[in-house]
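Single-structure report; data block below.
Both backbone and side-chain heavy atoms feed into the values below; hydrogens, waters and symmetry mates do not.
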Amino acid sequence: MNETKTALVCPLNWGLGHATRCVPIVHELQQKGFKIVIAGEIPVTSFFQITFPGITTAFFPGPKIRYQKTGPLWIKMLFQLPHLIGWPRKERRIIRQLAKKHKPHCIVSDNRYGARVKGIRSIIITHQLMIKLPWLLSFMEYPVHCIIRSLIQPFDECIIPDHDKGINLSGELSHRYPLPTNASFRGPLSRFMVCEQATDIATFPDVLVILSGPEPQRTVLRNKLVKVLKRTRLNVWIMTGRPDIPDQHITSGNLTYISHLTDSALKTILLKTPVIISRSGYSTIMDLTYLNRTAILIPTPGQPEQVYLSKHLKNKFYILEQSEIKNQLMAVIKNLSERSHLHPENLLSTSNP
């Protein structure tokens, strides 16, 4: 009788993007007969329990990062640097305990530089072979890249979810410096690669807002968008990104807040919705590109990676700064509406500002 092999999959809990892009990896491993153990935190583990019912989960904490409401993110990150530098050592200790318990044949991690065990095939997924830094600190980008290389090199393999040549999504994040010897480009990874469209959705929104990323900027973005969109006649659905609170639908006027949707339902809605608004996170960009959809991307203020990606892909997406939402959001939506079924009267304000 053949022994069932186990794969330990460990996405980082910095927004659901690190989890969603692991979906095709988990699907492929299951097709090959592996038992999957998802090691992470809520809501990552909740997401996988919905996407793959019955899947085994284990607790694997990650570094806690909180963004600022105002001011440059890099200043706060600078103060958290000692915590971040020491975290891979903590991860190695925790992953050894998880490996001892679950006895995996391989470990697949997403941006967890310490999730490897000697003697077990260990694979890391990342598109950030370099970290974009603010202009004043840009001289540190190459030294930081060298540190990242040193963290990636001990893995058996590094998977870069992007194209090697031609049009790519990550730009300098993956292509500026020579790769580690164990790294290779495997093409973008989207959760929608392995799911069909839902067939039981009767109505669709005019505007779909996808909230993501850590607090407090997630709530800041929501409040700014709501303030503008609630004064229109548009049917707006706001995905709050909370798979740990499944099937929650709350309607307030023309706004409907939805905690989470299955990948099949979200795929169908993304394909049918005229206007999509989201952060410029890399996993979201991969999903939208796979579905051949454009969107209004609003980079998280002070997060250099998202700011860079929005500039790198400005010819594919509509880019809006968070500070411009109040005065320019409706103009951008109107521009998009001219290519869709939206009626101009729906863009009219229903009340005075």
Side-chain angles (χ1 to χ4, degrees), residues 5-22 25-26 29 34-48 55-66 77-131 140 142-161 173-174 177-184 186 189 214 282-283 305:
K5 295 182 178 181
T6 297
L8 195 58
V9 179
C10 316
L12 184 65
N13 184 28
W14 281 10
L16 282 180
H18 292 285
T20 61
R21 67 188 188 184
C22 286
I25 301 293
V26 171
L29 289 169
F34 279 82
K35 173 191 174 183
I36 308 297
V37 177
I38 301 295
E41 302 171 273
I42 293 174
V44 166
T45 50
S46 302
F47 167 78
F48 278 102
I55 202 167
T56 302
T57 62
F59 180 62
F60 189 177
K64 299 294 184 285
I65 298 296
R66 187 170 174 84
M77 294 289 283
L78 196 62
F79 285 103
Q80 299 178 78
L81 199 57
H83 172 64
L84 293 174
I85 290 174
W87 193 261
R89 186 176 300 172
K90 294 181 181 179
E91 284 186 330
R92 286 196 291 273
R93 184 177 68 249
I94 297 170
I95 200 70
R96 284 196 295 267
Q97 296 170 351
L98 288 169
K100 184 177 180 180
K101 178 179 180 181
H102 296 284
K103 298 177 174 53
H105 289 73
C106 69
I107 299 170
V108 181
S109 69
D110 189 302
N111 273 62
R112 285 184 177 266
Y113 298 111
R116 56 182 173 83
V117 175
K118 187 176 181 180
I120 301 175
R121 182 167 179 76
S122 301
I123 302 166
I124 186 169
I125 302 169
T126 184
H127 66 281
Q128 287 186 295
L129 279 300
M130 69 161 288
I131 303 294
M140 289 293 296
Y142 182 70
V144 171
H145 160 73
C146 293
I147 294 172
I148 293 173
R149 277 181 65 102
S150 69
L151 291 170
I152 290 175
Q153 198 63 64
F155 284 82
D156 294 290
E157 184 179 3
C158 171
I159 294 175
I160 304 172
L173 302 181
S174 298
Y177 297 117
L179 301 181
T181 57
N182 59 347
S184 61
R186 296 295 185 87
L189 292 172
Y282 190 67
S283 295
E305 179 204 359

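- Remark: E41 pairs with K64 by the side chain to side chain donor-acceptor pair (under 3.5 Å) rule, at least two apart or across chains.
- Below 30°, between 30° and 60°, or above 60°: for H127 and Y282 the angle between ring planes is below 30°, a parallel geometry.
- Scanning both residues, N111 and L12, for their nearest heavy atoms gives O-CD2, 3.9 Å.
- Expressed to the nearest 0.5 Å, how far CG of L129 lies from SG of C158 amounts to 5.5 Å.
- Scanning all heavy atoms of the two residues, the minimum distance from W87 to G62 falls at CZ2-C, 3.4 Å.
- The closest side-chain heavy-atom distance from I107 to I123 is not below 4.5 Å.
- Atom CG of L29 sits about 12.5 Å away from atom NE2 of H105, to the nearest 0.5 Å.
- Checked against C10 for a side chain to side chain contact (heavy atoms under 4.5 Å, CB included), the options I95, V108, V44 give a single hit: I95.
- With R92 contributing its side chain and R116 its backbone, the two residues share no donor-acceptor pair below 3.5 Å.
- Looking only at side-chain heavy atoms (C-beta outward), I160 and R186 stay at 4.5 Å or farther from each other.
- Under the 3.5 Å distance criterion, the side-chain polar atoms of T56 are left unmatched by any main-chain donor or acceptor of V37.
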Give the C-alpha distance, both sets of side-chain angles, the deciding distance and a yes or no for side-chain contact (heavy atoms from CB on, under 4.5 Å) between Q153 and T181.
CA-CA 7 Å; Q153 198 63 64; T181 57; 2.6 Å; yes

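- Side-chain contact between I55 and V26 is present, with at least one heavy-atom pair separated by less than 4.5 Å.
- A distance of 9.0 Å separates CG in L189 from CG in D110, rounded to the nearest 0.5 Å.
- At least one donor-acceptor pair closer than 3.5 Å links the side chain of S122 to the backbone N or O of I120.
- Looking only at side-chain heavy atoms (C-beta outward), N13 and P43 come within less than 4.5 Å of each other.
- Side-chain N or O atoms of N182 include one that pairs as donor or acceptor with a backbone N or O of I152 at under 3.5 Å.
- To the nearest 0.5 Å, atoms CZ (R149) and CD1 (I147) are separated by 13.0 Å.
- A donor-acceptor pair is defined here as one N or O able to donate and one able to accept, closer than 3.5 Å; no such pair exists between the side chain of Y113 and the backbone of S150.
- No side-chain heavy atom of P11 sits less than 4.5 Å from a side-chain heavy atom of F47.
- Scanning both residues, R21 and S283, for their nearest heavy atoms gives CD-OG, 3.3 Å.
- Heavy atoms only, all atoms of each residue included: G17 and T20 are closest at O-OG1, 3.1 Å.
- Nearest heavy atom pair, residue C106 against residue F34, reads SG-CE2, 4.1 Å.
- A salt bridge links E157 with R121; the closest basic N to acidic carboxylate O contact falls under 4.0 Å.
- The shortest distance between side-chain heavy atoms of I125 and P161 falls below 4.5 Å.
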Please determine whether side chain to side chain donor-acceptor pair (under 3.5 Å) holds for the pair H102 and Q97, giving the CA-CA distance in whole Å, both sets of side-chain angles, and the decisive distance to 0.1 Å.
CA-CA 9 Å; H102 296 284; Q97 296 170 351; over 6 Å; no

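- The nearest pair of heavy atoms linking K103 to K100 is NZ-O, 3.1 Å.
- For the pair I38 and I36, the minimum side-chain heavy-atom distance is below 4.5 Å.
- Judged purely by distance below 3.5 Å, without hydrogens or angles, the side chains of Q128 and H145 never pair a donor atom with an acceptor atom.
- Around OH of Y142, the count of heavy atoms belonging to other residues, nucleotides or ligands within 6.0 Å does not exceed 12.
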